[in-house]
There are 2 protein chains.
Amino acid sequence: MVSNKFITPDGYTSDIAVFTITSESNGQYKPLKKNLKIMLIKRSDRDHEGKLNIEAGKWALPGGFVRSSETAIQAAERKLYEETGVSGLRIKHFGVYDSPGRDERGWILSNAHYVIANEEFLKSRKTTKHASDIQLFTIEDALELNLAFDHRQIIDDAIWFIKKDMALTTLAKHFLPKEFVLSELQGVLLTVLDDPSIKADAAFFRKAPTLPFLEAVTENGKLKKSNRYSKTPAQLYRFNDFQPITSVYSNKLKG
Amino acid sequence: MVSNKFITPDGYTSDIAVFTITSESNGQYKPLKKNLKIMLIKRSDRDHEGKLNIEAGKWALPGGFVRSSETAIQAAERKLYEETGVSGLRIKHFGVYDSPGRDERGWILSNAHYVIANEEFLKSRKTTKHASDIQLFTIEDALELNLAFDHRQIIDDAIWFIKKDMALTTLAKHFLPKEFVLSELQGVLLTVLDDPSIKADAAFFRKAPTLPFLEAVTENGKLKKSNRYSKTPAQLYRFNDFQPITSVYSNKLKG
DNA sequence: AGAATAGTGTCTGTTAGACACTATGTG
DNA sequence: CACATAGTGTCTAACAGACACTATTCT
C-alpha cells in the first residue's frame, strides 16, 4: 500500500500577510484616522516563464515556492522583496495550510506568516509591480474579494493572531514610529483591540506612562514633547526592551 | 535556473511532543509530587518494510510521514495512535522545522505539534511497542539524550509553548481530572510556571475561587468536597467554558 | 474668548500581598 | 493533643474607573 519512496508533497510555499495601519489626516492638530490594512497582490496571467498562471487575476497573499536551500522564513523574505519591494521586517510564522485539495495543482503546503509594517516604511519601498496590482485593503474589503486558494482562511487566521499578539506583546511598536505620543499608541491599539480601558481617555493616559515597557523620551535632560497632533505639547514615549508576560492566574505584569 | 516543475520537498512529516504531569504519592493525605514529562519513543533498527531505519536507536518524538490524503493534524492523530496507543486528545500545532540539512535523507519538513495528556489517560492506553521503547522522561533528562534529527530544538520550543499556554489559557485543565482540588491545580501550575502569587498558599487559595473560568462543584445543592490529599475536606472545582483573555495594557480578565 | 487635545485631582470600590489566625480531621 | 492541610480575618498600599477639573496652544 505504501510505496517504498517517501510520500512527497508537490510543493511547499511560503505566504505572507503584510499588515499596516494607515493614517489619514483628520485636519491639522488632530489625531489621525487609523485603519488596519492588509497588502495583497493581483496574480498575473502568466508566470515568469510565460506560462498561464493558476488563479490568475485573483487577489492573493504575496508568497511563492520555497527552495530546498532555504527555510520558509527566508523564502518569505525573498518573495516579499521580489513581489512587493518590502524587506528588513520581522516575519512571524503562525500556521500551516495543508488540507488536501486546497490547491488544484496538487498536494501543496503553505507555510503562513505575518509581517507588521509601519506605513512610512511601506511608502518608501520600490517594486517592479504595476501599482494597480499591489494594493492595501481594509480587512472588511479584503474578505469580500474573490481570493486565490484558501487565502481567505489564512487572512482570517492571521487577523486573529495579530489581535492576540497586539494584546499580549509589544507588537504595537512595529506600527509606530520610534517616538510617539500616547494618542498615537491608543489609536493603533484601537484599530485592532476593543477594550474599554484603552478607549477611556483618562484611564489610558493615566495608565500608559506606568507601563514597564514604555518610557518617556527626554532630550537634554528635559522631557521631549511634540505637538504633531495637538496644540498642547504632548509627551513622547518609546518602547524599551521589556518583554511583558501576563497570566490568567495573576494580574501583575512580569518581565 | 528554476525548473519548470515545482520545487518539491522530499517528505512532509508530522511530529508530536506528548506532555504529561506525573504524580508520585508523597504519603497518605499529602499533596502529590508532580513532574512535567515528555513521551519519547526509541527509533527501531528497521522500518515496517524491514529496511534499515535512519537515526535508529535514538530517542525521538512520535510522528511520521503525512499522507497526501490527510492533514498534518490527522497524521499526528494516526501516528500517535499507531506508535503510542494514545488517541482522542487535542493536538496543537506550534511550528514548522524546515532548515536545509535537518534530515540527511533529503529535504524533509516537520510540522510540529504538542499534546497534553493527563496521567491516568496515558496509563490506560494500549500499544504494540515494547515498553522499553516508549518512555516518559523529565524535561531535563530528555534534553540530555542523544535525540534524533533536530528533535532537541523541537522539544525546547514545545516547552516554551506549553509554558506560554499554561499561563495564558486554561491549558491546565488537560493535566487534571474533571474535578480537582485547588492544591492539585496549584501543583500543576507550579510544575511549569514560576510565579510567586501561585506559590504563596494564602494568596492562591484566596484568588483561585474568584477566577471566572473555575467553578466550585456542588452535589445535591451542597458544595462537594474531597479529602484525597488532606484530612480537612477540600472543595472540588472544575473548569467551565470561559476563555480568559488578558492584555498587557489592562489587567482585567475578559472573556 | 472658544475650541480641542492632553493631561491631573480626587474619590470610591476592589484587589494583591503579608501574616496571623481558625477549621477540620487523623493518629 | 500534635500536626498537617485548607482555608479565613484583617490590615495596608496600590490601583482601576469615573468624573470633574486644569493646562496649553491655536485661531
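Naming convention: chains lettered A, B, ... in sequence-line order (proteins, then strands); numbering from 1 in each chain.
- Between Glu184(B) atom CD and dT5(D) atom P the separation is 14 Å, expressed in whole Å.
- In terms of the ring-ring contact (aromatic ring centres under 6.0 Å, His included) criterion, Phe242(A) has no residue partners (sequence neighbours excluded).
- A search for ring-ring contact (aromatic ring centres under 6.0 Å, His included) contacts involving Phe180(B) returns Phe239(B), not counting sequence neighbours.
- A centroid separation of 6.0 Å or more is found between the aromatic rings of Trp160(A) and Phe94(A).
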Query raised in the report: Can you check side-chain contact (heavy atoms from CB on, under 4.5 Å) on Phe19(A) and Ile159(A), steps first, answer last?
Result: CA-CA 9 Å; Phe19(A) 290 98; Ile159(A) 289 160; 3.9 Å; yes
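- Side chains of Asp195(A) and Ser250(B): a donor-acceptor N/O pair is present below 3.5 angstrom, by distance only.
- Atom P of nucleotide dT26(C) and atom CZ of Arg228(B) are separated by 17 Å, given to the nearest angstrom.
- Atom NZ in Lys199(B) sits roughly 15 Å away from atom C1' in dG17(C) (whole-Å rounding).
- Asp201(A) places its CG atom 13 Å from the P atom of dT8(C), with the value rounded to the nearest Å.
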Quick test: give all pairs of protein nitrogen or oxygen and nucleotides 16-20 of chain D nitrogen or oxygen below 3.5 Å, distance rounded to 0.1 Å.
unit_1: dA16(D); atom_1: OP1; unit_2: Lys207(A); atom_2: NZ; d: 2.4
unit_1: dA18(D); atom_1: N6; unit_2: Arg206(A); atom_2: NH2; d: 3.4

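- For the pair Phe205(B) CZ and dA4(D) P, the computed distance is 16 Å after rounding to whole Å.
- Under the salt bridge (charged side-chain N to carboxylate O under 4.0 Å, His left out) criterion, Arg152(A) pairs with Asp156(A), not counting sequence neighbours.
- Between Lys30(B) atom NZ and dA6(D) atom C1' the separation is 14 Å, expressed in whole Å.
- Nucleotide dC15(D) holds its P atom 18 Å from the CG atom of Leu253(B), rounded to whole Å.
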Tabulated below should be each protein N or O lying under 3.5 Å from an N or O of nucleotides 24-27 of chain D; please produce it.
unit_1: dT24(D); atom_1: O2; unit_2: Thr232(A); atom_2: OG1; d: 2.7

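- With sequence neighbours excluded, no residue forms a ring-ring contact (aromatic ring centres under 6.0 Å, His included) with Phe204(B).
- Residue-environment remark: NZ (Lys163(B)) stays at or below the threshold of 12 foreign heavy atoms within 6.0 Å.
- Computed from coordinates, the Leu185(A) CG to dA6(C) C1' distance equals 15 Å when rounded to whole Å.
- Within the nucleic acid shown, Pro31(B) comes within 4.0 Å of sugar-phosphate atoms alone, with no base atom in reach, counting heavy atoms only.
- One distance of note links CD of Glu24(B) with CG of Asn35(B); it measures 7.0 Å at 0.5 Å rounding.
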